[in-house]
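Here's the structure, in C-alpha cells; my notes come after.
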Amino acid sequence: MVIGLRFGVALNSQKFENKDSTQFNIDDQSDNAVISFVPTFDYYLNENNFRPYIGLGLGYYLLSYIDVSPIGSADALEGSVNNQIGFLLRGGIEFGKTRLGLEYNLIPKAGIELPSGQIIGTVNSGYLGLSIGFTIGGMKNQN
C-alpha cells in the first residue's frame, strides 16, 4: 500500500452547457485548465518487479475562468466557476521505478457565473487521463 499526493493539470477537458445561447456565447475553444491536488491511496496486487495497482483519491480541483461574450458584442466577460472537491479512481502497472496508469477524475458540475452573479450555464470537468510517473527514492535496504 502507498499513500501519496497527486498534482495534475488537464487542458481542455471541460464540457460546457450554455443555458441561454441566444444571449451569451461561451468560448469553449480557448485553453481551459483543471489543476488538481489529490491525496491518494494505492494498493499493489503483488510484490513482484511488475506490479499492477488500483487506487483512489479525494481532493481539490481548481477550475479556470471561462471567457463569455454577449451575442452581438465583441466585449468579453470573465465567467467564474467555483472550485470543486472531486474523486479519483485509478489503476495501472508499475515496473521498476516507472509507472503507467489510467485515471478517471469525477468532478461535480459547476455553474458558470458572470460578475453580475447571473448563472449562464454549467461546466462538467470530469475527465479520463493517462499518466506516466517515476519513483524517486524508496529503495529497499539490501542487508
Side-chain angles (χ1 to χ4, degrees), residues 1-140:
M1 294 180 271
V2 174
I3 295 174
L5 180 62
R6 202 270 328 247
F7 296 104
V9 176
L11 294 177
N12 294 337
S13 64
Q14 300 169 328
K15 295 163 208 70
F16 300 98
E17 180 183 328
N18 191 343
K19 291 186 177 181
D20 192 358
S21 59
T22 60
Q23 198 173 11
F24 295 100
N25 182 37
I26 297 173
D27 182 8
D28 59 359
Q29 301 302 312
S30 295
D31 289 336
N32 295 298
V34 176
I35 300 172
S36 58
F37 303 92
V38 182
T40 59
F41 173 80
D42 295 332
Y43 179 77
Y44 289 92
L45 301 175
N46 66 39
E47 294 185 21
N48 300 334
N49 202 22
F50 180 81
R51 304 183 325 165
Y53 69 91
I54 55 174
L56 52 90
L58 180 68
Y60 197 62
Y61 290 81
L62 302 169
L63 307 176
S64 65
Y65 289 95
I66 299 161
D67 289 331
V68 177
S69 58
I71 298 294
S73 173
D75 295 335
L77 303 172
E78 201 170 72
S80 64
V81 180
N82 289 332
N83 298 326
Q84 300 287 320
I85 299 292
F87 189 67
L88 165 75
L89 292 173
R90 68 182 179 180
I93 55 171
E94 189 172 291
F95 46 96
K97 291 192 170 224
T98 304
R99 174 185 260 220
L100 298 173
L102 196 59
E103 305 174 340
Y104 185 74
N105 294 267
L106 179 63
I107 307 167
K109 283 186 178 182
I112 302 170
E113 185 175 342
L114 296 179
S116 66
Q118 180 182 2
I119 303 291
I120 63 159
T122 59
V123 59
N124 182 355
S125 298
Y127 63 94
L128 181 67
L130 176 66
S131 64
I132 300 171
F134 304 96
T135 302
I136 300 172
M139 294 293 292
K140 290 184 178 181

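All residue numbers refer to positions in the sequence shown, counting from 1.
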> Between atom CG of Asn18 and atom CD1 of Ile120, what is the distance when rounded to the nearest 0.5 Å?
Replying inline: 5.5 Å
>> Please report the interatomic distance CD1(Ile119) to CD1(Ile112), rounded to the nearest 0.5 Å.
In response: 9.0 Å
> When rounded to the nearest 0.5 angstrom, what distance separates CG in Asn83 from OH in Tyr61?
Replying inline: 12.5 Å
> Any side-chain heavy-atom pair from Leu88 and Tyr104 closer than 4.5 angstrom?
Replying inline: no
>> Rounded to the nearest 0.5 Å, what separates atom CG in Asn49 from atom CD in Glu94?
In response: 9.5 Å
> Under a 4.5 Å cut-off applied to non-hydrogen side-chain atoms, are Arg51 and Asn46 in contact?
Replying inline: yes
> Tell me, do Val2 and Tyr53 make a side-chain contact under 4.5 Å, heavy atoms counted?
Replying inline: no
>> For a quick test of reading the model, state the closest non-hydrogen atom pair linking Asn124 to Ile107 and the distance between them.
In response: OD1-O, 4.0 Å
> Nearest 0.5 Å, what's the CG-CD1 distance between Leu45 and Ile54?
Replying inline: 5.5 Å
> Does the side chain of Arg90 come within less than 4.5 Å of Thr40's, by heavy atoms?
Replying inline: yes
> By ring pair (Phe, Tyr, Trp, His ring centres under 6.0 Å), which residues pair with Phe7, not counting sequence neighbours?
Replying inline: Phe37
>> Between Ser131 and Arg99, is there a side-chain donor-acceptor contact under 3.5 Å, judged purely by atom types and distance?
In response: no
>> Looking at every heavy atom in both Ala110 and Leu63, which two are closest together, and how far apart are they?
In response: CB-CD1, 4.3 Å
>> Please check if the number of heavy atoms outside Ile71 that lie under 6.0 Å from its CD1 is greater than 12.
In response: yes
> Distance-only, no hydrogens or angles: does the Asn105 side chain make a donor-acceptor pair with backbone N or O of Gly129 under 3.5 Å?
Replying inline: no
>> Tell me every residue that passes salt bridge (Lys or Arg N to Asp or Glu O under 4.0 Å) with Glu113, counting only those two or more places apart in sequence or in another chain.
In response: none
> Should the heavy atoms of other residues, nucleotides or ligands under 6.0 Å from CZ of Phe41 be counted, would the total exceed 12?
Replying inline: yes
> Which pair of heavy atoms, one from Leu58 and one from Pro39, lies closest together, and at what distance?
Replying inline: O-CD, 3.1 Å
> More than 12 heavy atoms of other residues, nucleotides or ligands under 6.0 Å from CG of Leu11: is that the case?
Replying inline: yes
>> Measuring from atom OG1 of Thr98 to atom CD1 of Ile93, what distance do you get when rounded to the nearest 0.5 angstrom?
In response: 10.0 Å
> Which pair of heavy atoms, one from Gly55 and one from Asp42, lies closest together, and at what distance?
Replying inline: CA-OD1, 3.3 Å
> So, do Phe16 and Val68 sit near enough that their side-chain heavy atoms are less than 4.5 Å apart?
Replying inline: no
> What's the shortest heavy-atom distance between Phe87 and Gly57, and which atoms?
Replying inline: CD1-O, 3.3 Å
> Which heavy atom of Thr122 sits nearest a heavy atom of Lys109, and at what distance?
Replying inline: OG1-CD, 4.4 Å
>> Has Glu17 got a side-chain atom pairing as donor or acceptor with Lys15's backbone, closer than 3.5 angstrom?
In response: no
